[in-house]
Amino acid sequence: MPVAGTGPLVVVAAHPDDETLGTAGFTAAAHGAGAEVRVVVATDGEAAFPGLDREERAALGRARRRELRDALTSLGLDDVDVTWLGLPDSDLAAHHGVLVDALRPVLAGATTCLAPWTEDPHPDHAAAGTAAAAAAPVTTHCWSYPIWACVWGSPDEVGPPWHRAARHDLSQAQARRKREAIARFGTQVATAPDGGPPILPPQVLAHFDTGVELFWRAPRRTGAPAARFADLYATPGGDPWATRTSWYERRKRAVALSCLPRQHYDSAAEPGCGTGELTRELAGRCGAVVASDVVPAAVAATRAATAGLPHVTVRADALPGPGAIPLGTDLAVMSEVLYYLSAADLHATLDLLAAAVVPGGDVLVVHWRGWPAEAPHDARAVRARFDADERFELLVDHVDTEFLAHVHRRR
């Protein structure tokens, strides 16, 4: 299920009822667990019935605002703050910049953002999802939820990213309260003003009464910014991941190094060296080590950690820069760094590895099995890129409870 965490959970909706149809069970569960919940609604849904005149549309918008408050009451979310943006219904794509600017203050400090799927068939849903992704802070875990994708097409036609999917299973009580909340949207579940069918007839509502809510991760499209890591290293102690003291870090280094098939290497490269704890241990098994990091504080920490080791060079560099993996390297070690790269930089890094690592050299890659908010990829996605690249042959595959470690030999 999506990350709720201890910070605010922000639910973005294009229209009143999107948040209830797509996320009511999870939102209520997170709220019950103590999470602060914020809801932001881009439009009043006043264009649901195109035949209405201007005054009738305004009245419909007011009614839908009341319905949303009633729905939140049914879910036990009376105290949830709702931000109404009042942008034009059915025209959100034309107001992208305004929507992004309006979402930024609501999303400030959010741990998790739930927004409509950017590929949902309704253009307003797609626009709201796109704007939320643009407005969310780099530290926010972004997730998408489908609305009309569940109704208007089959999975084969819509093509949801099932490899990034998560589900929330509603309890019987949650499912009952969700039904009650949806019923509060009388303008949507009742006969249309012109006597036509409702917007949400029973056969449509059935798609939202399965006892399951679907979400898929909406990862960043760009790589994690260097400024984010600079902020982390600026925290007290300069060791944001407790690499010197935590059992996870110490054990991960021991396991990763034990995966190396050779006792000694001539020349190693370690991009993303962090505090230099792994660098120092690599130095005991390598004739030369080039360690690098994009953050000046990390470079300084690694230099301090390897002081007195003349065969270790520490430089400021970042992947996919060629200085991060010098030509002639016979061991490249990348611990918890590759999933932070953009898709283009990850592709370029594999090209760099293929060019810089000598044939028969080894590439050790380590990943945390979680998914950092700043990262465009998770461990599984990066691992798949190596598996699909014929320039590398898998030698070692270690799957641990919290991390993965795999060694590939350069063909």
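This structure is a prediction, so every number in the text was calculated from the model and none was measured.
- For the pair Y145/L21, no side-chain contact is recorded, criterion being any heavy-atom separation below 4.5 Å from C-beta on.
- With contacts defined as side-chain heavy-atom distances shorter than 4.5 Å, the pair H168/F215 qualifies.
- One side chain, H141 or R217, offers a donor N or O that lies under 3.5 Å from an acceptor on the other.
- Here E281 pairs with R253 in a salt bridge; the nearest charged N to carboxylate O distance falls below 4.0 Å.
- The side-chain heavy atoms of P219 and W371, taken from C-beta on, include a pair separated by under 4.5 Å.
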Full working for side chain to side chain contact (heavy atoms under 4.5 Å, CB included) between R65 and D44: CA-CA 7 Å; R65 287 195 180 203; D44 292 348; 3.0 Å; yes
Audit row: E46, R62, salt bridge (charged side-chain N to carboxylate O under 4.0 Å, His left out) steps and yes/no: CA-CA 8 Å; E46 73 281 0; R62 292 192 295 272; over 6 Å; no
Stepwise side chain to side chain contact (heavy atoms under 4.5 Å, CB included) test for L232 and W241: CA-CA 9 Å; L232 287 168; W241 291 281; 3.7 Å; yes
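- Of all heavy-atom pairs between G274 and Y233, the closest is CA-OH, 3.1 Å.
- Atom NE2 of H398 has more than 12 heavy atoms from other residues, nucleotides or ligands within 6.0 Å.
- The side chain to side chain contact (heavy atoms under 4.5 Å, CB included) search around A234 returns none, not counting sequence neighbours.
- At a threshold of 4.0 Å, the pair D81-R38 does not count as salt-bridged, since none of the basic side-chain nitrogens sits closer than that to a carboxylate oxygen.
- In terms of modelled atom types and a separation under 3.5 Å, the side chain of T140 and the main chain of A136 share no donor-acceptor contact.
- Under the 3.5 Å distance criterion, with hydrogens and angles disregarded, no donor-acceptor pair is assigned to the side chains of Y339 and D378.
- Between E180 and R176 there is a salt bridge, since at least one side-chain N of the basic residue sits less than 4.0 Å from a carboxylate O of the acidic one.
- There is a side-chain donor-acceptor pair under 3.5 Å between D79 and H31.
- Remark: side-chain polar atoms of D345 are not paired, donor with acceptor, to backbone N or O of S342 under 3.5 angstrom.
- For D239 (side chain) and R244 (main-chain N/O), a donor-acceptor pair under 3.5 Å exists by modelled atom type.
- S292 and R315 share no donor-acceptor pair across their side chains, judged by distance under 3.5 Å alone.
- Here the closest non-hydrogen pair linking V289 and A283 is CG2-CA, 4.0 Å.
- Scanning both residues, C113 and V12, for their nearest heavy atoms gives SG-CG2, 4.0 Å.
- The shortest side-chain heavy-atom distance between R66 and R64 does not fall under the 4.5 Å cut-off.
- No salt bridge links R410 with D362; every basic N to acidic carboxylate O contact stays at or beyond 4.0 Å.
- Atom CG in D387 sits 12.5 Å away from atom CZ in R380 (nearest 0.5 Å).
- Side-chain N/O atoms of H347 and R385 include a donor and acceptor closer than 3.5 Å.
- Side chain of R69 to backbone of D78: a donor-acceptor contact under 3.5 angstrom is found.
- For the pair E402 and R251, the salt-bridge criterion is not met [side-chain N within less than 4.0 Å of a carboxylate O].
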side-chain hydrogen bond (donor to acceptor under 3.5 Å, both in side chains) between S74 and R184, intermediate numbers included: CA-CA 8 Å; S74 294; R184 298 287 192 174; 2.9 Å; yes
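- A side-chain donor-acceptor contact under 3.5 Å links H125 and D18.
- Distance check, rounded to the nearest 0.5 Å: CG of L319 to OG1 of T349 gives 4.5 Å.
- Residue L278 comes nearest to S335 through the heavy atom pair CD2-CB, 4.0 Å, listed as atom of the first residue, atom of the second, then distance.
- Closest non-hydrogen pair, P296 versus V294, comes out as CD-O, 3.6 Å.
- A donor-acceptor contact shorter than 3.5 Å is absent between the side chain of H377 and the backbone of L338.
- The shortest distance between side-chain heavy atoms of T306 and V314 falls below 4.5 Å.
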Throw together a table of side-chain donor-acceptor distances under 3.5 angstrom for residues 54-61, partners on residues two or more places apart or in other chains.
from, atom 1, to, atom 2, distance (Å)
E56, OE1, D53, N, 2.9
R57, NH2, P50, O, 3.4

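- Residues R391 and R411 fail the side-chain proximity criterion, which asks for heavy atoms closer than 4.5 Å.
- Side-chain N or O atoms of E119 include none that pairs as donor or acceptor with a backbone N or O of P160 at under 3.5 Å.
- T279 and E270 share a side-chain donor-acceptor pair at under 3.5 Å.
- At least one side-chain heavy atom of L260 sits less than 4.5 Å from a side-chain heavy atom of L331.
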Step-by-step side-chain hydrogen bond (donor to acceptor under 3.5 Å, both in side chains) determination, E374 to T139: CA-CA 6 Å; E374 305 91 339; T139 53; over 6 Å; no
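- Y248 and F403 have perpendicular rings, their planes meeting at more than 60° on a 0 to 90° scale where under 30° would count as parallel.
- Formation of a donor-acceptor pair under 3.5 Å by the S246 side chain with backbone atoms of E249 is found in this model.
- F229 and Y340 have their aromatic ring centers within a separation under 6.0 angstrom.
- To the nearest 0.5 Å, atoms CD1 (I199) and CG (D17) are separated by 9.5 Å.
- With respect to D397 and R383, a salt bridge is recorded, a charged nitrogen being found less than 4.0 Å from a carboxylate O.
- In this structure, the side chain of D89 does not engage the main chain of T43 through any donor-acceptor pair within 3.5 Å.
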Working for side chain to side chain contact (heavy atoms under 4.5 Å, CB included), residues D70 and F185: CA-CA 8 Å; D70 290 343; F185 292 97; over 6 Å; no
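- Remark: side-chain polar atoms of H122 are paired, donor with acceptor, to backbone N or O of D124 under 3.5 angstrom.
- The minimum heavy-atom distance linking D293 with C273 is given by the pair OD2-N, 3.3 Å.
- With hydrogens and angles disregarded, a donor-acceptor distance shorter than 3.5 Å links the side chain of S171 to the backbone of Q174.
- In summary, the aromatic rings of W216 and W117 are positioned with their centroids under 6.0 Å apart.
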Derivation and outcome, side chain to side chain contact (heavy atoms under 4.5 Å, CB included), residues D209 and L205: CA-CA 7 Å; D209 193 19; L205 292 178; over 6 Å; no
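- Using a 4.5 Å cut-off on side-chain heavy atoms (C-beta onward), D389 and L353 make no contact.
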